[in-house]
Amino acid sequence: MHTTNNEQLEKLEIEARSIEDALVTHARAWALDQGSFTRQFLLQEARLTVINQAEVTDKVVDEVPALKAEVAEVCDELAAMFEEWSASVDLSKAKIVAQDPRTTFLELTKPFHQAFGNAYIRRGYNSGSGSRDWTSDSANWHFYIPETGTARNPFMKYDPSAAKDLSDLWSSWATIARQITSTKDQIQRSRAARLWDADQDLPNHL
């Protein structure tokens with residue numbers, strides 16, 4: 001029984017390490033996907049804002065080239081940030097993003113969200129307003145996202161599909177981790193029982 005438990009533990013730990021390696025790989029890929037996706041989303045939002053608020057655009061027509069350049073810089077910096085973050089991902093970061101990718105996304109994109117909004121607000125563009133479902137006291141810009149109907153989301157659009165593999169891996173890792181804990185406990189209990197049983201002069205109730 002002791003040998004069987006140890007063999008099972010070794011097998012589980014090998015499987016856990018394999019999943020941990022996959023978690024890191026997928027977290028890095030997730031960051032690159034979000035960087036590209038969010039950059040494209042911001043560029044589209046920038047264009048729609050200039051068109052949908054054409055009355056404001058007419059008033060600041062001379063500033064449009066500078067606005068476009070400022071937005072492009074924000075987008076490039078955002079993509080670069082995700083690339084740097086991807087390269088820095090270790091197991092600890094991978095576990096955090098796997099458990100709650102959306103929160104990680106919002107934390108990473110917040111300064112770029114603010115910078116994007118500031119670029120338009122300074123020039124007189126309307127930042128929009130949230131719906132009953134999307135509210136934030138700290139958001140300076142509400143993005144138009146068709147999925148929310150007529151609402152304007154106070155956060156950048158997030159791509160949930162990119163986190164599917166992470167979610168599955170996290171579930172698998174959590175299951176293996178519980179099995180490892182259980183197996184270690186069984187090994188310790190068996191060791192304690194053998195320690196007691198080794199002394200035949202002591203009463204054996206195990």
Side-chain angles (χ1 to χ4, degrees), residues 22-53 56-57 63-123 125-131 133-170:
L23 272 172
V24 171
T25 298
H26 280 74
R28 289 174 175 172
W30 170 88
L32 295 178
D33 287 345
Q34 293 299 337
S36 175
F37 179 88
T38 310
R39 182 180 184 279
Q40 291 303 314
F41 168 71
L42 279 182
L43 290 173
Q44 180 65 8
E45 172 76 7
R47 182 175 184 272
L48 287 175
T49 300
V50 169
I51 295 172
N52 292 341
Q53 298 190 41
V56 178
T57 302
E63 292 190 46
V64 170
L67 171 62
K68 189 172 183 180
E70 187 173 346
V71 168
E73 183 177 2
V74 170
C75 292
D76 290 344
E77 289 178 352
L78 178 140
M81 177 277 296
F82 271 114
E83 288 181 3
E84 291 176 7
W85 192 89
S86 173
S88 73
V89 170
D90 55 11
L91 181 57
S92 177
K93 280 188 176 180
K95 287 180 178 179
I96 291 172
V97 70
Q99 291 178 79
D100 192 353
R102 180 171 175 78
T103 294
T104 300
F105 171 83
L106 293 176
E107 290 174 350
L108 290 173
T109 58
K110 184 175 180 179
F112 303 95
H113 173 170
Q114 298 292 112
F116 181 95
N118 287 339
Y120 281 91
I121 293 169
R122 284 200 320 271
R123 294 171 170 89
Y125 287 91
N126 188 325
S127 64
S129 59
S131 70
D133 298 323
W134 299 98
T135 58
S136 172
D137 293 335
S138 63
N140 68 341
W141 189 264
H142 287 68
F143 296 98
Y144 174 70
I145 298 179
E147 289 86 336
T148 64
T150 58
R152 287 175 63 89
N153 191 323
F155 302 113
M156 289 183 187
K157 187 175 183 181
Y158 167 69
D159 179 14
S161 65
K164 178 68 168 60
D165 290 338
L166 273 174
S167 176
D168 291 344
L169 282 169
W170 175 252

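What's counted below: heavy atoms across the whole structure, side chains too, no hydrogens, waters or symmetry copies. Just so we're clear, the structure is a prediction, and the values are computed from it rather than from any experiment. Residues take their numbers from the sequence shown, with the count starting at 1.
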Between atom [atom1] of [X] and atom [atom2] of [Y], what is the distance when rounded to the nearest 0.5 Å?
X      : Y      : atom1 : atom2 : result
Asn118 : Ser127 : CG    : OG    : 10.5 Å
Asp168 : His26  : CG    : NE2   : 9.0 Å
Leu91  : Ile96  : CG    : CD1   : 10.0 Å
Lys110 : Gln114 : NZ    : CD    : 6.5 Å
Glu107 : Thr103 : CD    : OG1   : 6.5 Å
Glu84  : Met81  : CD    : CE    : 9.0 Å

Can you give me the closest heavy-atom contact between [X] and [Y], atom names plus distance?
X      : Y      : answer
Val89  : Ala27  : CG1-CB, 3.8 Å
His142 : Gly128 : ND1-O, 3.8 Å
Trp30  : Pro101 : CZ2-O, 3.5 Å
Phe37  : Tyr158 : CE2-C, 4.1 Å
Glu70  : Ala119 : OE2-CB, 3.5 Å
Ser88  : Lys93  : OG-NZ, 2.7 Å

Is any side-chain heavy atom of [X] less than 4.5 Å from a side-chain heavy atom of [Y]?
X      : Y      : value
Asp33  : Phe82  : no
Met156 : Leu78  : yes
Ile121 : Asn140 : yes
Arg123 : Val56  : no
Phe112 : Thr38  : no

### Query
Does Arg122 come within less than 4.0 Å of Glu63, counting only side-chain N to carboxylate O?
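Answer for the salt bridge query: no.
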
### Message
Using 30° and 60° as the class boundaries, would you call the ring planes of Phe155 and His113 parallel, tilted or perpendicular?
### Response
perpendicular

### Query
For the residue pair Tyr120 and Phe116, is the inter-centroid distance of their aromatic rings smaller than 6.0 Å?
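Yes, the ring of Tyr120 comes within the 6.0 Å limit of the ring of Phe116, centre to centre.
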
#### Entry: Partners passing salt bridge (Lys or Arg N to Asp or Glu O under 4.0 Å) against Arg28 (at least two apart in sequence or in another chain)
none

### Message
Using the rule given for side-chain contact (heavy atoms from CB on, under 4.5 Å), can you reason through Asp100 versus Arg102, listing the C-alpha separation, both sets of side-chain angles and the distance that settles it, and then say yes or no?
### Response
CA-CA 6 Å; Asp100 192 353; Arg102 180 171 175 78; 4.3 Å; yes

### Query
Would you find more than 12 non-hydrogen atoms of other residues, nucleotides or ligands less than 6.0 Å from Lys95 atom NZ?
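More than 12 heavy atoms, drawn from other residues, nucleotides or ligands, come within 6.0 Å of this atom.
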
### Query
Does Gln53 use its side chain to pair, donor to acceptor, with the backbone of Asn126 at less than 3.5 Å?
yes

